Amino acid sequence: MLTRIDHIGIACHDLDATVAFYRDTYGFTDAHVEVNEEQGVREAMLKINETGDGAASYIQLLEPIRDDSPVAKWLAKNGEGVHHIAFGTDGDVQDEADGIAAKGVRVLYDAPRRGSMGSRITFLHPKDAHGVLTELVQKP
Ligand code: V0V
Ligand code: CO
């Protein structure tokens, strides 16, 4: 089951400046920063609230580390802004993805990949989801 908004992904040019904006403007100070080489990003997870399934909801800020990465390509076309939404699962993320694929939505990966803070993630194609790049997240 999809039990929470795990995060909203926001593409930015300058991660440190954008983290500072979220801290100074809104008071979100609980930030986890890591590099995901495979996804081509340096990213920050800002915790917003705990959720009823024992996990949490975050804002994810994404700065590209390579010109050929999905976020770099998206920034060049659209500029900064909301890039994806991520739903959290309470069970196996591949099972969720298989169930959604059976409804005719393209799942981008054959198997889950590594996401922020040791999570397992996969993505649904935005063209099959009313224009929204959608990620599924299983906490470690
Ligand atoms: C592209 N399109 C989007 C979009 N990206 N629509 C909505 N939201 C987005 N983010 C549209 C684009 O406008 C085109 O529409 C069409 O899809 C094809 O796009 P493209 O520019 O030609 O790009 P592609 O096809 O090379 O790549 C698009 C996909 C790619 C979605 C396949 O971005 C991808 O593989 N994304 C998944 C990985 C990812 O985004 N990683 C970064 C976050 P028109 O113009 O044809 O109408 S990593 C992350 O979230 C982590 C680590 C985490 O949460 O832990
Ligand atoms: Co994400």
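Given the structure is predicted, the values throughout are model-derived calculations rather than measurements. Every number for a ligand or one of its atoms is a count from 1 in the order of the listing.
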For the residue pair [X] and [Y], establish whether any side-chain heavy-atom pair is separated by less than 4.5 Å.
X	Y	result
Glu80	His13	yes
Phe21	Asp16	no
Val35	Ile65	yes

request  = Can you figure out which of Ala129, Ser116, Ser119 has its heavy atom closest to atom 55 (O) of ligand 1?
outcome  = Ser116
message = Heavy atom to atom 13 (O) of ligand 1, shortest distance: which of Met45, Arg120, Lys77 holds it?
response = Lys77
query = Would a hydrophobic clustering, with Ile, Leu, Val, Met, Phe, Trp and Tyr connected at side-chain separations under 4.5 Å, put Val41 with Leu75?
reply =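 Yes, one cluster joins them.
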ask   = Under a 4.5 Å side-chain heavy-atom rule over Ile, Leu, Val, Met, Phe, Trp and Tyr, are Ile85 and Val93 clustered together?
value =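 Linked, Ile85 and Val93 end up in one cluster.
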inquiry  = Give me the residue, atom name and distance of the protein heavy atom closest to atom 34 (C) of ligand 1.
reply    = Leu108 CD1, 3.9 Å
ask   = Among Leu136, Leu108, Val137, Asp110, which residue meets the side-chain contact (heavy atoms from CB on, under 4.5 Å) test with Thr122?
value =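 Going through Leu136, Leu108, Val137, Asp110 one by one, the side-chain contact (heavy atoms from CB on, under 4.5 Å) with Thr122 is satisfied by Leu136 alone.
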Please could you name the atoms of ligand 1 that [X] approaches to less than 4.0 Å, counting only its heavy atoms?
X	value
Val71	42 (C)
Leu133	8 (N), 9 (C), 10 (N), 31 (C), 40 (O)
His84	43 (C), 50 (O)
Asn36	52 (C)
Trp74	4 (C), 5 (N), 8 (N), 9 (C), 10 (N)
His7	54 (O)
Gly115	55 (O)

ask   = Taking the inter-plane angle between the rings of His83 and Trp74 on a 0 to 90° scale, is it parallel (under 30°), tilted (30 to 60°) or perpendicular (over 60°)?
value = perpendicular
ask   = Is the closest heavy atom of Gly131 to ligand 1 under 4.0 Å?
value = yes
With a 4.0 Å cut-off on N to O distance, would you call [X] and [Y] a salt bridge?
X	Y	value
Arg23	Asp30	no
Arg4	Asp90	no
Lys139	Asp53	no

task = Mind checking the CD1-CD1 spacing from Ile10 to Ile59? Nearest 0.5 Å is all I need.
result = 4.5 Å
Distance (rounded to the nearest 0.5 Å) between Ile5 CD1 and Ile48 CD1 =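 One gets 11.5 Å once the value is rounded to the nearest 0.5 Å.
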ask   = Does Leu15 offer a backbone N or O that forms a donor-acceptor pair with the side chain of Glu63 under 3.5 Å?
value = yes
side-chain hydrogen bond (donor to acceptor under 3.5 Å, both in side chains) assessment of Ser116 paired with Glu43 = CA-CA 8 Å; Ser116 191; Glu43 52 102 3; 2.8 Å; yes
Would [X] count as a polar contact of ligand 1, with the cut-off being nitrogen or oxygen pairs under 3.5 Å?
X	answer
Gln39	yes
His125	no
Lys127	yes

Side chain, backbone, both or neither: [X] near ligand 1, heavy atoms under 4.0 Å:
X	answer
Val132	neither
Tyr109	side chain
Pro126	side chain
Val137	neither
Glu43	neither

Could you check whether [atom] has a protein contact, counting only heavy atoms that fall below 4.0 angstrom?
atom	result
atom 42 (C) of ligand 1	yes
atom 37 (C) of ligand 1	yes
atom 17 (O) of ligand 1	yes

request  = Compute the angle centred on the Co ion (ligand 2) spanning OE1 of Gln60 and NE2 of His7, and express it rounded to 10 degrees.
outcome  =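 Centred on the Co ion (ligand 2), the OE1/NE2 angle is 90° (to 10°).
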key: For the Co ion (ligand 2): the N/O/S atom of Glu135 at shortest distance   =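 The Co ion (ligand 2) is closest to the Glu135 atom OE1, counting only N, O or S.
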